[in-house]
Amino acid sequence: MALLTVRSLTKYFGGLTALNGFSLDVEAGEILGIIGPNGSGKTTFFNVLTGMHRANGGEVYLSGIKANLLETKTHTIIRHGIARTFQNQRPFNNLSVLENVMVGGHSRTRGGVFSALFGLRAARRDRERLKGEAREVMAIFGKRLLSMEDAPAWNLSYANRRRLEIARAIVSKPRILLLDEPTAGMNPAESLQLVKNIKDINRMGIAVIVIEHDMRVIKQLCQRVVALDHGEKVVEGAYSEVRNNPRVIEAYLGKD
Ligand code: ADP
Ligand code: MG
């Protein structure tokens, strides 16, 4: 059985079909790319997968868990091991960089995030453990986040905010990490470095599904690529196969 099994996932927004009978298997240990033009349903897939939007139909199963994830609440889905980043997310500006990363681990601490951050004795051990784990995860990015750990998050550069988001997602110890356009707004050198970071994360045993516009990033990262258009899977396969598919070329470049 695959790590993640998605069957006939469908999502309507009023009269608009954002996802139409989308099915997908994700294997443990793989890095899977999702491409498609703007509005093709990529982010919607992550939103319904993580319970942020309720699907209109379909089933999602994670290996080892009986329930259809679509009937499960977001915090339970995170606890089962699916973590994500967002296309346009801001950090909690008044928290430090370290605290922002620690927030990602709250689903595993007893007292919840606020007692983990601010609580007294009861939460103290949880907080110390979480701090250590947050620092370990931040080390994926060398000194870039670690050297800023006490700085307020608003102090971070754009690229560091993206790194912070990924670190926060990983602190929840996911089996699958969902990245929504992680290199958006990064320069080529930063993108290249992020590719290496994502490969390191994958080597920690975390499967990755990455939505990306930059085809160089997709080529370097993904063993398998899925192309969406109008909420439907157009083609699925190795990078070169998908990139040269006439329907993919048409969806990106238009019929003319
Ligand atoms: P992508 O991430 O591939 O660019 P999205 O999944 O964000 O595309 O959007 C797919 C379609 O669903 C688009 O037509 C978009 O306008 C629509 N859509 C997405 N989210 C909402 C929402 N919350 N309310 C209404 N329509 C939405
Ligand atoms: Mg999107």
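Throughout, numbering of the chain's residues begins at 1 and tracks the sequence. Given the structure is predicted, the values throughout are model-derived calculations rather than measurements. Indexing begins at 1, ligand by ligand and atom by atom, following the structure's order.
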Is a side-chain donor-acceptor pair under 3.5 Å present for [Y] with [X]?
| X | Y | result |
| --- | --- | --- |
| E232 | N20 | yes |
| R175 | S63 | yes |
| E212 | T183 | yes |
| N47 | R84 | yes |

Shortest protein heavy-atom distance from [atom], along with the residue and atom involved:
| atom | result |
| --- | --- |
| atom 3 (O) of ligand 1 | K42 NZ, 2.7 Å |
| atom 26 (N) of ligand 1 | F13 CG, 3.3 Å |
| atom 7 (O) of ligand 1 | T43 CB, 3.7 Å |
| atom 16 (O) of ligand 1 | L16 CD2, 5.0 Å |
| atom 5 (P) of ligand 1 | T44 OG1, 3.6 Å |

Check whether [X] reaches the backbone of [Y] with its side chain - one donor and one acceptor, N or O, closer than 3.5 Å.
| X | Y | answer |
| --- | --- | --- |
| T5 | V60 | no |
| S40 | G231 | no |
| K173 | G81 | no |

Next on the checklist: For a quick test of reading the model, state the closest non-hydrogen atom pair linking K233 to L228 and the distance between them.
Outcome noted: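 Shortest heavy-atom contact: N-CD2, 3.9 Å.
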
Checklist entry - With atoms numbered from 1 as shown, which atoms in ligand 1 lie under 4.0 angstrom from a non-hydrogen atom of N38? => result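 Ligand 1 atoms under the 4.0 Å threshold to N38: 4 (O).
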
Item to check | Proximal ligand 1 atoms for S40, defined as those under 4.0 Å from one of its heavy atoms | outcome: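 Every atom of ligand 1 under 4.0 Å from some heavy atom of S40: 1 (P), 3 (O), 8 (O).
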
Next on the checklist: Show, in sequence, the C-alpha distance, side-chain angles and deciding distance for K131 and D126, and conclude whether the salt bridge (charged side-chain N to carboxylate O under 4.0 Å, His left out) test is met.
Outcome noted: CA-CA 9 Å; K131 223 183 234 183; D126 270 353; over 6 Å; no

Next on the checklist: I need the single residue from V210, V208, T85 that forms a side chain to side chain contact (heavy atoms under 4.5 Å, CB included) with P182. Which is it?
Outcome noted: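 Among V210, V208, T85, the one meeting side chain to side chain contact (heavy atoms under 4.5 Å, CB included) with P182 is V210.
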
Checklist entry - side chain to side chain contact (heavy atoms under 4.5 Å, CB included) with N100: which of L145, N94, L164? => result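 With N100 as partner, side chain to side chain contact (heavy atoms under 4.5 Å, CB included) holds for just one option, L164.
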
Checklist entry - Nearest heavy atom to atom 10 (C) of ligand 1: which of G39, G231, G14 does it belong to? => result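 Considering heavy atoms of G39, G231, G14, the nearest to atom 10 (C) of ligand 1 sits in G39.
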
Item to check | Test applied, side chain to side chain donor-acceptor pair (under 3.5 Å); reference residue, R224; option that passes from E241, E27, E30 | outcome: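 Between R224 and the candidates, side chain to side chain donor-acceptor pair (under 3.5 Å) is satisfied uniquely by E30.
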
Checklist entry - Is it true that H53 lies under 4.0 Å from ligand 1, counting heavy atoms only? => result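 Contact present.
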
Next on the checklist: When you compare ligand 1 with G41, is there at least one nitrogen or oxygen pair between them that comes in under 3.5 angstrom?
Outcome noted: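 Among all N and O atoms of G41, at least one is under 3.5 Å from an N or O of ligand 1.
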
Checklist entry - Got an N/O contact under 3.5 Å between A18 and ligand 1? => result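 A18 vs ligand 1: no N/O contact under 3.5 Å.
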
Checklist entry - Do any non-hydrogen protein atoms sit less than 4.0 Å from atom 22 (C) of ligand 1? => result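 Yes, because at least one protein heavy atom sits under 4.0 Å from atom 22 (C) of ligand 1.
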
Checklist entry - What is the number of protein N/O/S atoms located under 2.8 Å from the Mg ion (ligand 2)? => result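 Of the protein's nitrogen, oxygen and sulfur atoms, 2 lie under 2.8 Å from the Mg ion (ligand 2).
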
Next on the checklist: Below a 4.0 angstrom heavy-atom separation, can you tell me which part of I211, side chain or backbone, both or neither, approaches ligand 1?
Outcome noted: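 Neither part.
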
